[in-house]
Amino acid sequence: MLETIRSRRSVRAYLNRQIPPAVEQEILQAGRCAPNAWDRQSFVLCKVGPDARGALAALTARHIGGVPADHDFFGAPLVVLVLDRRENLERRADAGCILENMMLAAQSLGLGSVWVDQFATLEDAPDLIALLDQFGFDPQLVICGAAAFGWPDPEEEILPRPLRSKIVALK
Ligand SMILES: Cc1cc2nc3c(=O)[nH]c(=O)nc-3n(C[C@H](O)[C@H](O)[C@H](O)COP(=O)(O)O)c2cc1C
């Protein structure tokens with residue numbers, strides 16, 4: 001576990017290779033095992049298929065700029081959204097635990113991952129609300145986080161990451 005935690009890095013280039021269903025299932029199950037406030041488990045993990053992915057990328061381009069391809073989750077074979085109910089005030093903290101569980105599971109299985117935050121400022125965007133409605137989600141559900149998963153492209157150069165945060169101790 002400690003080696004998995006230490007070695008995980010964000011991956012932004014993926015091989016064009018599908019993830020076996022059993023591996024995908026392990027990653028999703030790891031997300032479902034995450035700690036969450038009051039154990040409400042009101043979150044939903046959504047695997048994004050090609051049509052939905054295209055619609056989300058186009059919507060992001062409209063809001064953030066660029067073209068849809070710029071927002072296509074680095075071309076990763078698996079994209080997962082974490083949705084939760086607006087009334088869950090801990091939804092973003094919960095999503096952090098869920099996505100970290102999934103990213104560490106992916107790392108331990110030899111896959112890479114990256115958190116993709118393109119929806120963070122769009123929770124109240126009418127077109128995103130309409131799109132989620134079109135996808136058939138309960139209107140109370142909002143996107144709290146998203147991540148891409150896949151086999152890392154060995155050509156991607158991942159620079160070393162010095163740890164700059166502080167540890168302090170109080171008497
Ligand atoms: C809340 C959150 C949002 C992030 N959003 C993005 C993002 O939108 N795009 C991206 O490429 N990486 C994103 N990342 C990944 C961070 O950039 C990355 O974790 C950080 O640079 C440390 O590098 P490492 O993950 O390789 O250790 C996000 C990470 C977190 C935790």
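When a ligand or atom number is given, it counts from 1 through the structure's own listing order. Quick caveat: nothing in here was measured; it's all calculated off a predicted structure.
- The protein residues lying under 4.0 angstrom from ligand 1, judged by non-hydrogen atoms, are R8, R9, S10, R12, F74, V114, W115, V116, D117, R161.
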Compile the donor-acceptor pairs under 3.5 Å between side chains in residues 133-150 and protein atoms, sequence neighbours left out, one pair per line.
from	atom 1	to	atom 2	distance (Å)
D138	OD1	Q140	N	2.7
D138	OD2	R85	NH1	3.3

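- Taking 4.0 Å as the cut-off between side-chain N and carboxylate O, E123 and R91 count as a salt-bridged pair.
- Side chain to side chain, Q107 and S7 meet the donor-acceptor criterion of an N or O pair below 3.5 Å.
- In this structure, the side chain of D94 engages the main chain of A37 through a donor-acceptor pair within 3.5 Å.
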Let me check something: any side-chain donor-acceptor pairs from residues 59-76 under 3.5 Å, sequence neighbours excluded? List them with distances.
from	atom 1	to	atom 2	distance (Å)
T60	OG1	L56	O	2.7
T60	OG1	Q118	NE2	3.3
H63	NE2	D127	OD1	2.9
H63	NE2	D127	OD2	3.0
D70	OD2	V67	N	2.9
H71	NE2	G65	O	2.7
D72	OD1	R53	NE	2.7

Using distance only, find each side-chain donor-acceptor pair of residues 8-23 under 3.5 Å and give its atom names and separation, not counting sequence neighbours.
from	atom 1	to	atom 2	distance (Å)
R9	NH1	L159	O	2.8
R9	NH2	L159	O	3.2
Y14	OH	V11	O	2.7

